[in-house]
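A quick write-up on the structure given underneath.
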Amino acid sequence: MDSLDGLRGFAALIVVFSHTSNQGTFFLPFLNLTGIGKSGVFLFFLLSSFLLTLPLLRKGKDIFTFPVMSHYWQRRFFRIYPLYTLYLLLGVVSTWILVTFIGKSGRGIPFELTWFEFLKHLALLEGKGVGWSIAVEFKFYFILPILVLVVVYARELGTTVLVSLFSILMVASQIISPQSEAIANDARLLPYMPVFIIGIFIAVLHEHINKSKPNHKVMMTLKWLGFVGVVGIVIMTPIIFSMLTGDGIPKNYFHKQFIIYSIFWSFIILSAVNIDGIIQKLFSIKILRFYGTLSFSLYLFHPVYISLLMRLNLNSYLTAWLVLIASTITAYISFNLLEGPISRFKINSNTNLTQLKRVFKLTK
């Protein structure tokens, strides 16, 4: 689905634009996108939940068979951990270099990191910088197959039972961990469960739409819900909301509105994948799909260049563009040399050194 690749790229760019704006550097005059980064992260969570749920749903009650789980976990591990480990090692090594040779403590690139903290990050117990969202998402991978299996059984009992299940899950998530009490950049999974639950729900809804051959009325509803989602996300941009209300709001004003963000982005996703219209075409453009491919690497490495370039005291517009250009180049190299090849690697009983070399294109 090209539009979903584009949405993933858009999510990554939202985060980059927000983080540069947070530092007072802008791509264009008055393009202050401070505070929208969480919107991009919630879109990442929603897309992951949606895209990972679909193939598991199609496996039905065979989800926990060895071939399905082996494929699922290898894809998740090799997609995240190799690059994330190198990213964390950069923090450890840079911290050691700055302390040992320059005498600067409390600093690192992208952040200060000790070996103990390195291990805690790998164990998903901490998440400095953008690492908090990596910890959240990977924890979700553990419970997704269980949730999908429950959904499979509930679906057999009818729509009422299925809708009741999702309603119970949403209510329970707010009783156990209300979004109003969420901590900024919390590495725990529970506060963000509403986002993932909604992602599973729209995957079920999307599959139902594709199987039931919806009528014109349903398709028009999806089309207009997409526009409602776009308008909602735009209004929730702090600078836009401030302009509309006449009152300045803090950049974190909407950061705890997980559910509202998820609903608006869900409208956009459902429209983008089901309706051949403006929204689908917008998110299918090549530049967004390009950034969709590089999204994980771009997400990880852009804070490195923000940290480095802010020390040079360059023109604010130049700094923003240099961050994007440098991050894009790094992400492109990272994807082609590491992330892409490793994500294609699969361990099975016939795996050998020759196959490993082929993954990295070292042999023909």
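Because the structure is predicted, anything quoted here is derived from the model rather than measured. The figures here come from the full heavy-atom set of this structure, side chains too, leaving out hydrogens, waters and symmetry mates.
- Between S39 and I233, the closest side-chain pair of non-hydrogen atoms falls below 4.5 Å.
- A12 approaches L298 most closely through the heavy-atom pair CB-CD2, 3.9 Å.
- Between D62 and K59, none of the side-chain N atoms (NZ, or NE/NH1/NH2) sits under 4.0 Å from a carboxylate O, so this pair counts as no salt bridge.
- Listed here is the closest heavy atom pair of S18 and G37: OG-N, 3.0 Å.
- A parallel orientation is assigned to the rings of Y81 and F77, their planes being inclined by less than 30° (bins at 30° and 60°).
- The shortest side-chain heavy-atom distance between V136 and R188 does not fall under the 4.5 Å cut-off.
- Counting heavy atoms from C-beta on, the side chains of F241 and M236 never come closer than 4.5 Å.
- Exactly one of L324, T330, I325, V323 qualifies for a side-chain contact (heavy atoms from CB on, under 4.5 Å) with S327. That residue is V323.
- F45 pairs in a ring-ring contact (aromatic ring centres under 6.0 Å, His included) with only one of the listed residues (F196, Y141, F50), which is F196.
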Practice item. Evaluate side chain to side chain donor-acceptor pair (under 3.5 Å) for E137 paired with S133, printing each intermediate quantity in order. Key: CA-CA 6 Å; E137 182 159 331; S133 59; over 6 Å; no
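- Taking 4.0 Å as the cut-off between side-chain N and carboxylate O, E207 and R155 count as a salt-bridged pair.
- Tested against V130 for a side-chain contact (heavy atoms from CB on, under 4.5 Å), the candidates F111, F301, Y299 yield a single pass: Y299.
- Under a hydrophobic-cluster definition in which Ile, Leu, Val, Met, Phe, Trp and Tyr are linked whenever side-chain heavy atoms come within less than 4.5 Å, directly or via other members, F44 and I143 are assigned to the same cluster.
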Practice item. Before giving the answer on side chain to side chain donor-acceptor pair (under 3.5 Å), spell out for Q280 and S3 the whole-Å C-alpha distance, their side-chain angles and the decisive distance to 0.1 Å. Key: CA-CA 6 Å; Q280 186 179 90; S3 58; 5.0 Å; no
Check your understanding: Does the side chain to side chain donor-acceptor pair (under 3.5 Å) test come out yes or no for T245 and D247, once each step is laid out?
Key -> CA-CA 5 Å; T245 61; D247 297 320; 4.7 Å; no
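- Between F254 and Y261, the ring planes lie perpendicular to each other; the angle is over 60°, past the 30° to 60° tilted range.
- Sorted by first and then second residue, the salt bridge (Lys or Arg N to Asp or Glu O under 4.0 Å) pairs with a member in residues 101-122 read E117-K128, K120-E126; sequence neighbours excluded.
- Under a 3.5 Å cut-off, the side chain of R289 and the backbone N or O of D2 do not form any donor-acceptor pair.
- Linking Ile, Leu, Val, Met, Phe, Trp and Tyr residues whenever their side-chain heavy atoms come within less than 4.5 Å places V234 and Y253 in a single cluster.
- Annotation for R8 and G292: closest pair CD-O, 3.5 Å, computed over non-hydrogen atoms.
- With contacts defined as side-chain heavy-atom distances shorter than 4.5 Å, the pair Y317/T25 does not qualify.
- The aromatic rings of F42 and Y192 are tilted relative to each other, their planes meeting at an angle between 30° and 60°.
- Contact record, L314 with T319: CB-OG1, 3.5 Å, taken as the closest heavy-atom pair.
- Between the T95 side chain and the L113 main chain, a donor and an acceptor come within less than 3.5 Å of each other.
- When all heavy atoms are compared, the tightest approach of I275 to K223 is CG1-N, 3.9 Å.
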